[in-house]
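Report on the structure given below.
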Amino acid sequence: MKPQKASQYNHASIEKKWQETWQKDGVYTTKENDKPKQYILDMFPYPSGEGLHVGHPRGYIATDVYSRKKRMEGFNVLHPMGWDAFGLPAENFAIKHKVHPRVAVEKNIARFKEQLSLIGFDYDWSREINTTDPAFYTWTQWIFLQMYKKGLAYESSEPINWCPSCQTGLANEDVESDGTCERCGTKVEKRPMRQWVLKITDYADRLLNDLDKLPKWPEGVKEAQRNWIGRKEGVTISHAVEGDDVVLDTFSAYPAWLFADTFFVIAPEHPLVQELVRGTEQEKPVFDFVQEMKHVSEIERGAANKEKKGVFTGKYAIDPINKGARMPIWVANFAMMGFGTGIIRCSAHDERDFAFAKKYDIPLKEVVERTSDGPINAHDNSGVLKDSGPFSGKEISETLIKEMVDWFAKEGYGKRTVTYKIKDWVFSRQRYWGEPIPIIHCEKCGVVPVPEKDLPVLLPEVESYEPTGTGESPLAGINEWVNVSCPSCGGTAKRETNTMPQWAGSSWYYLRYIDPSNDNELVDQKKEHHWMPVDVYVGGDHATRHLIYARFWHKFLFDIGVVSQEEPFPRLEFLGFILAEDGKKMSKRFGNVVNPDDVVKQFGADAFRLYEMFIGPFESTVPWSTNGLVGTYRFLERVWGYYEDIKTVFGTVDKYKNDYKLDPFNKIIHQTIKKVTEDIESFKFNTAVSSLMILFNNLKEEETDGAFVVSGGGFPSYENFKKILQLLAPFAPHITEELWHELGEKESIHLSQWPTYDPQKVLDETVTIGVQINGKTRAELSIRTDASKEEMERAALALPRIVELLAGKSPKTVIAVPRRIINIVV
RNA sequence: GCUGGGGUGGCGAAAUUGGUAGACGCACUUGCCUUAGGAGCAAGCGGGGCGACCCAUGGAGGUUCAAGUCCUCUCCCCAGCACCA
């Protein structure tokens with residue numbers, strides 16, 4: 001019998017002890033040295049008032065495992081953590097509870113840190129950063145000024161998205177596809193107002209093309225960015241209007257139907273509409289329609305099944321393509337000012353246009369043989385063109401579309417044009433809790449940037465954080481802050497009172513960790529060159545927002561010589577969420593939140609960490625299961641119990657170390673070293689954990705046949721047992737540290753050298769393979785790994801079971817694949 | 001509608017990238033121990049059949065000695081984008 005003992009595994013005391021020791025000894029402090037570097041980064045959190053639930057730390061645990069392993073492999077590891085603390089939630093909390101947002105943020109950060117510390121992370125807290133720290137945001141403002149100098153930050157008064165609840169303007173990226181505010185779910189309105197805008201469109205092509213240089217990004221994220229950038233090549237065609245000086249421009253990326261187009265529609269808010277109808281008898285009906293449309297938001301108008309409505313302007317445009325044809329011009333709800341030119345050439349082949357034409361009896365022309373009733377849809381790339389000039393008789397294809405674009409441009413029907421879905425980044429917010437935009441408005445000089453020596457422009461104290469709702473930020477009310485003298489002429493001037501959006505700080509924060517106390521420059525060039533790029537960037541969400549903005553800023557910083565690479569994050573690991581046990585999103589609202597503090601208290605940080613890595617593939621969304629966690633807890637109890645057994649059997653560690661010469665588990669240990677090493681590298685943590693479990697299951701079963709035999713189990717050698725602990729150390733840092741020291745080690749296991757495997761020892765000398773007859777497995781064969789095909793065939797045909805089944809029939813062929821399979825075909 | 005990712009036991013999932021499908025964990029069943037708290041040990045656990053066997057990776061075809069994996073068609077689920085001109 002194996003010695004039976006109650007487990008002495010006391011996670012609470014072990015974990016507390018080592019967390020304190022690691023901190024005291026500065027085990028995880030990153031110092032500059034000559035070792036090869038690894039910069040491992042989490043998307044830093046927004047410290048909300050709700051605290052963490054068990055879903056949040058999944059990514060942090062992954063980077064923790066990865067960075068611990070890298071450190072043990074001899075890399076100089078930078079694994080920092082910080083806080084993305086500007087933004088609306090803290091401000092709303094502050095308004096509600098009448099405290100300064102800074103106070104709320106400090107409290108939340110303290111709470112987050114406390115929760116994180118219980119889990120035993122290896123963050124280098126000496127590099128902690130906070131986007132609301134003036135020493136940090138001075139550089140956010142500095143980058144803005146550099147963009148301003150390069151003409152990439154400009155003022156605009158175009159109508160922008162306005163959230164009536166948050167009372168601030170928003171970027172397109174902050175609006176959900178159903179037209180609601182990403183923060184609060186309120187319907188977003190269009191509202192003209194003065195704002196600061198960053199010219200991200202200047203970088204659109206590079207942001208798009210360089211995605212191809214990121215092979216280690218998930219395809220889905222890259223595709224989302226491509227869609228968001230939305231680059232389209234096509235032709236812009238200009239049309240003269242009969243009896244008018246007006247020219248109508250239309251854009252087409254799909255010119256297959258240009259010969260079919262018979263009418264125009266213009267967006268109601270298009271300025272040309274007024275010109276077209278001024279003084280005509282259509283002026284009144286058109287004006288009424290435009291007024292009506294003003295009350296309907298663009299998003300509502302865009303709802304897929306919205307009825308098509310419009311009014312005839314009474315005017316005709318001349319079609320240069322179908323020589324001189326007269327095309328009636330309509331104003332219609334389905335044309336959008338924000339898309340293309342706001343004017344559409346319409347044909348029978350577009351579902352929308354078709355429905356509209358039928359409703360108002362507008363003549364149509366078809367350029368494709370029809371096979372069914374109703375519209376022939378654009379973009380299905382099928383059909384043979386007719387009545388289409390030189391393209392008649394040609395089959396529609398992607399190549400033909402490209403040819404047509406070229407032809408229309410070459411023949412002078414239109415100009416080649418590229419359009420983008422991505423719009424310039426609306427960068428001002430009419431709220432308090434953000435970085436002040438470092439600009440001064442002078443009566444005489446106009447817009448004057450704050451001189452760099454005057455940075456940071458500190459966010460002033462204010463009586464009320466309430467948004468004013470007038471399109472001015474609460475800062476506008478602080479006269480002593482707003483009124484300044486112009487840095488250029490000394491005359492009276494006013495500060496810009498808009499603040500930056502939440503995304504500002506996160507667009508460059510990863511550079512700050514490199515040199516967190518550097519107040520002289522954004523980042524020391526030499527250190528930047530040493531640490532960048534980030535080797536692994538881990539996070540979820542933000543496929544298009546943060547990850548596009550950060551790439552944009554980084555490219556800009558590259559252009560002005562501050563950073564040395566064009567892309568900040570060559571490898572991105574996207575993580576899946578953890579749902580509640582009921583399969584729903586974990587949320588206070590559903591009352592299904594599991595708190596990591598409770599889990600850690602009951603089962604310990606190690607079991608929690610191990611479970612979060614074991615729960616499923618890192619990138620997939622999976623439901624939480626406290627029962628599943630019990631499994632990893634039991635596993636750690638077994639690990640602990642295994643050490644207890646060693647002590648019981650050998651008496652002392654010294655005896656185990658010096659007198660025990662057997663090692664029945666050498667092979668599987670080497671196999672596990674290989675598996676765990678490779679799996680951590682490729683973020684396959686679930687199978688790494690499973691291979692460690694398999695290893696321990698085997699340790700139990702193996703028999704030793706010499707001295708120190710415990711009936712029912714043998715032990716690995718002292719050295720090999722330490723290797724096993726090392727493999728487990730990144731996942732379960734506390735229990736392994738404790739046992740490591742129990743085994744007589746003085747240094748931290750986390751600073752020890754990662755075990756390597758001997759490729760020779762990984763190979764089995766025999767394998768069990770399946771023997772199939774006509775592709776169906778009928779027997780098993782245990783054979784030497786290096787057996788030749790002939791040997792395998794002979795051995796398989798000699799198996800009694802096979803002889804019996806063949807019943808004298810001779811096989812047609814035998815396929816023997818060494819170390820894989822034997823298939824006998826009869 | 002477009003794009004991306006998926007559909008494998010009761011559940012979370014593995015599968016050497018074309019080679020014995022279901023590793024590992026949970027749940028469950030049986031037995032031992034008789035156990036204070038999600039304890040331990042042994043055995044079992046996709047479905048059907050007493051059986052040798054048969055059927056099984058959303059569905060239907062195909063390629064192959066061999067398909068969860070490759071090809072064609074098709075049906076669902078999740079995410080992002082969408083009256084995109």
Side-chain angles (χ1 to χ4, degrees), chain A residues 1-2 4-7 176-178 218-228 230 232 234 250-254 257 261 264-265 301-306 308 332-336 338-347 350-353 355-356 377-380 419 421 543-544 576 602-603 611 614-617 619-635 637-638 641 675 684 686-687 689-694 697 700 712 768-781 804-805 811-817 819-826:
Chain A
M1 279 298 297
K2 202 163 188 172
Q4 199 81 58
K5 54 179 48 252
S7 174
E176 299 284 347
S177 55
D178 63 353
E219 202 45 51
V221 176
K222 286 195 275 187
E223 203 52 38
Q225 295 210 353
R226 286 189 194 105
N227 287 341
W228 190 261
K232 275 214 177 93
T250 61
F251 171 78
S252 173
Y254 192 85
W257 314 132
D261 295 332
F264 285 92
V265 302
R301 270 166 51 199
N305 44 16
K306 187 80 183 178
K308 278 111 202 102
N333 59 350
F334 64 90
M336 307 290 165
F339 195 89
T341 59
I343 307 171
I344 315 175
R345 268 180 74 105
C346 298
S347 79
D350 181 278
E351 215 170 320
R352 235 175 20 190
D353 304 352
F356 187 80
N377 266 335
H379 308 304
D380 69 356
T419 62
K421 175 192 147 77
T544 49
Q602 205 172 354
F603 298 98
Y611 177 62
F614 183 60
I615 191 167
E619 68 283 359
S620 43
T621 296
V622 281
W624 174 263
S625 157
T626 300
N627 265 329
L629 173 65
V630 170
T632 57
Y633 181 73
R634 283 187 199 144
F635 171 68
E637 278 194 317
R638 275 217 304 280
K675 178 79 177 152
K684 284 154 78 178
N686 54 331
T687 49
V689 173
S690 127
S691 72
L692 285 163
M693 289 173 167
I694 292 170
N697 289 346
K700 244 176 6 189
T768 305
I769 59 174
V771 180
Q772 303 179 327
I773 296 178
N774 291 338
K776 306 229 178 218
T777 306
R778 286 292 124 103
E780 281 185 352
L781 175 67
E804 187 192 329
L805 285 169
K812 231 189 281 173
T813 38
V814 177
I815 288 140
V817 184
R819 300 170 59 196
R820 293 268 190 278
I821 199 106
I822 297 168
N823 191 7
I824 301 163
V825 188
V826 292

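Below, chain A is the first sequence line, B the second, and so on; all start at residue 1.
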Side chain of A:T626 - closest among B:G38, B:G12, B:G19: B:G38
Among B:U3, B:A21, B:G25, the nucleotide that comes nearest once only the side chain of A:T777 is considered: B:A21
B:U3 phosphate, OP1 or OP2, under 4.0 Å from A:K222 side-chain N/O: no
Salt bridge flag under 4.0 Å for residues A:K308 and A:E351: no
Sugar-phosphate, base or nothing in reach of A:I769, heavy atoms under 4.0 Å: base
Heavy-atom closest contact (A:P811 atom, A:V826 atom, distance): CA-CG1, 3.8 Å
N/O (side chain, A:N686) to phosphate O (OP1/OP2, B:C24) under 4.0 Å: no
Separation between the P atoms of B:G58 and B:G12, rounded to whole Å: 14 Å
Listed nucleotide nearest any side-chain atom of A:F614, set B:A15, B:G19, B:C24: B:C24
Inter-nucleotide P distance (B:G38, B:C81), Å rounded: 46 Å
Selection from B:A23, B:C65, B:A85 that lies nearest to any side-chain heavy atom of A:F339: B:A85
Nucleotide nearest A:S620 when distance is taken to its side chain, options B:A13, B:C24, B:A85: B:A13
A:R634/A:E637 salt bridge by N-O under 4.0 Å criterion: no
Candidate nucleotides B:A85, B:G25, B:U3, ranked by approach to the side chain of A:I344 - the nearest: B:A85
Protein-nucleotide distance (A:Y633, atom OH; B:C24, atom P), rounded to Å: 23 Å
Between C1' of B:A66 and NZ of A:K812, the distance in whole Å: 14 Å
Touch class at under 4.0 angstrom, heavy-atom based, for A:P617 against every strand present: sugar-phosphate
Sugar-phosphate, base or nothing in reach of A:R345, heavy atoms under 4.0 Å: sugar-phosphate
Pairing partner of B:U20 (Watson-Crick or G-U wobble, both distances under 3.5 Å): none
Integer-rounded Å distance: B:G12 C1' and A:Y611 OH: 7 Å
Nearest-nucleotide pick for A:I615, side chain only, options being B:G5, B:G12, B:A14: B:G12
Touch class at under 4.0 angstrom, heavy-atom based, for A:N774 against every strand present: nothing
Whole-Å P distance, B:C70 and B:G4: 16 Å
Touch class at under 4.0 angstrom, heavy-atom based, for A:V825 against every strand present: sugar-phosphate
With sequence neighbours excluded, residues passing side chain to side chain contact (heavy atoms under 4.5 Å, CB included) with A:R820: A:V817
Touch class at under 4.0 angstrom, heavy-atom based, for A:R634 against every strand present: sugar-phosphate
Base partner of B:A42, which must satisfy Watson-Crick or wobble distances under 3.5 Å: B:U30
Pairwise C1' distance, B:G9 and B:A21 [rounded to whole Å]: 11 Å
Spacing of the P atoms in B:C45 and B:G25 (rounded, Å): 15 Å
Touch class at under 4.0 angstrom, heavy-atom based, for A:S252 against every strand present: sugar-phosphate
Identified pairing partner of B:A36, criterion: Watson-Crick or G-U wobble below 3.5 Å: none
Touch class at under 4.0 angstrom, heavy-atom based, for A:T632 against every strand present: nothing
Least distance between heavy atoms, A:I822 atom then A:L781 atom: CD1-CD2, 3.6 Å
N or O in side chain of A:K421 less than 4.0 angstrom from B:C2 OP1/OP2: no
Other residues, nucleotides, ligands: >12 heavy atoms within 6.0 Å of A:R819 CZ: no
Interatomic distance where CZ belongs to A:F635 and P belongs to B:G12 [whole Å]: 23 Å
Any donor-acceptor pair under 3.5 Å from A:Q225 side chain to A:A543 backbone: yes
Under-3.5 Å donor-acceptor pair between A:E223 side chain and B:U3 base: no
Anti versus syn assignment for B:G10, with syn defined as within 90° of 0: anti
Pairwise P distance for B:A60 and B:U69, with rounding to whole Å: 13 Å
Nearest listed nucleotide, side chain of A:Q772, among B:A39, B:C54, B:A21: B:A21
side-chain N/O A:N697 vs B:G25 OP1/OP2, d < 4.0 Å: yes
Phosphate-side-chain proximity, A:R638 and B:C41, N/O vs OP1/OP2 below 4.0 Å: no
C1' gap between B:G44 and B:G22, integer Å: 16 Å
Closest heavy-atom pair and its distance - A:T250, A:I343: CG2-O, 3.7 Å
Sugar-phosphate only, base, or nothing, as touched by A:K776 at under 4.0 Å among non-hydrogen atoms: sugar-phosphate
Sugar-phosphate, base or nothing in reach of A:A543, heavy atoms under 4.0 Å: nothing
A:R820 CZ to B:G18 P, straight-line distance once rounded to whole Å: 10 Å
Protein-nucleotide distance (A:I821, atom CD1; B:U64, atom C1'), rounded to Å: 14 Å
Nearest heavy-atom neighbours spanning A:F264 and A:R345: CE2-CG, 3.6 Å
OP1 or OP2 of B:A27 under 4.0 Å from side-chain N/O of A:N627: yes
Among B:A13, B:A85, B:G5, the nucleotide that comes nearest once only the side chain of A:E219 is considered: B:G5
Anti/syn call for B:U35, syn if |chi| within 90°: anti
Side chain A:K308 and base B:C83 donor-acceptor under 3.5 Å: yes
Selected nucleotide, minimal atom distance to A:N823 side chain, candidates B:C81, B:A66, B:U20: B:A66
Sugar-phosphate only, base, or nothing, as touched by A:T813 at under 4.0 Å among non-hydrogen atoms: nothing
Integer angstrom distance from the C1' of B:U30 to that of B:C75: 41 Å
Salt bridge (charged side-chain N to carboxylate O under 4.0 Å, His left out) evaluation trace for A:E219 with A:R226: CA-CA 10 Å; A:E219 202 45 51; A:R226 286 189 194 105; 3.3 Å; yes
Whole angstrom value for the distance that separates C1' of B:C11 from CG of A:L629: 16 Å
Interatomic distance, A:E176 CD vs B:A82 P [rounded to whole Å]: 10 Å
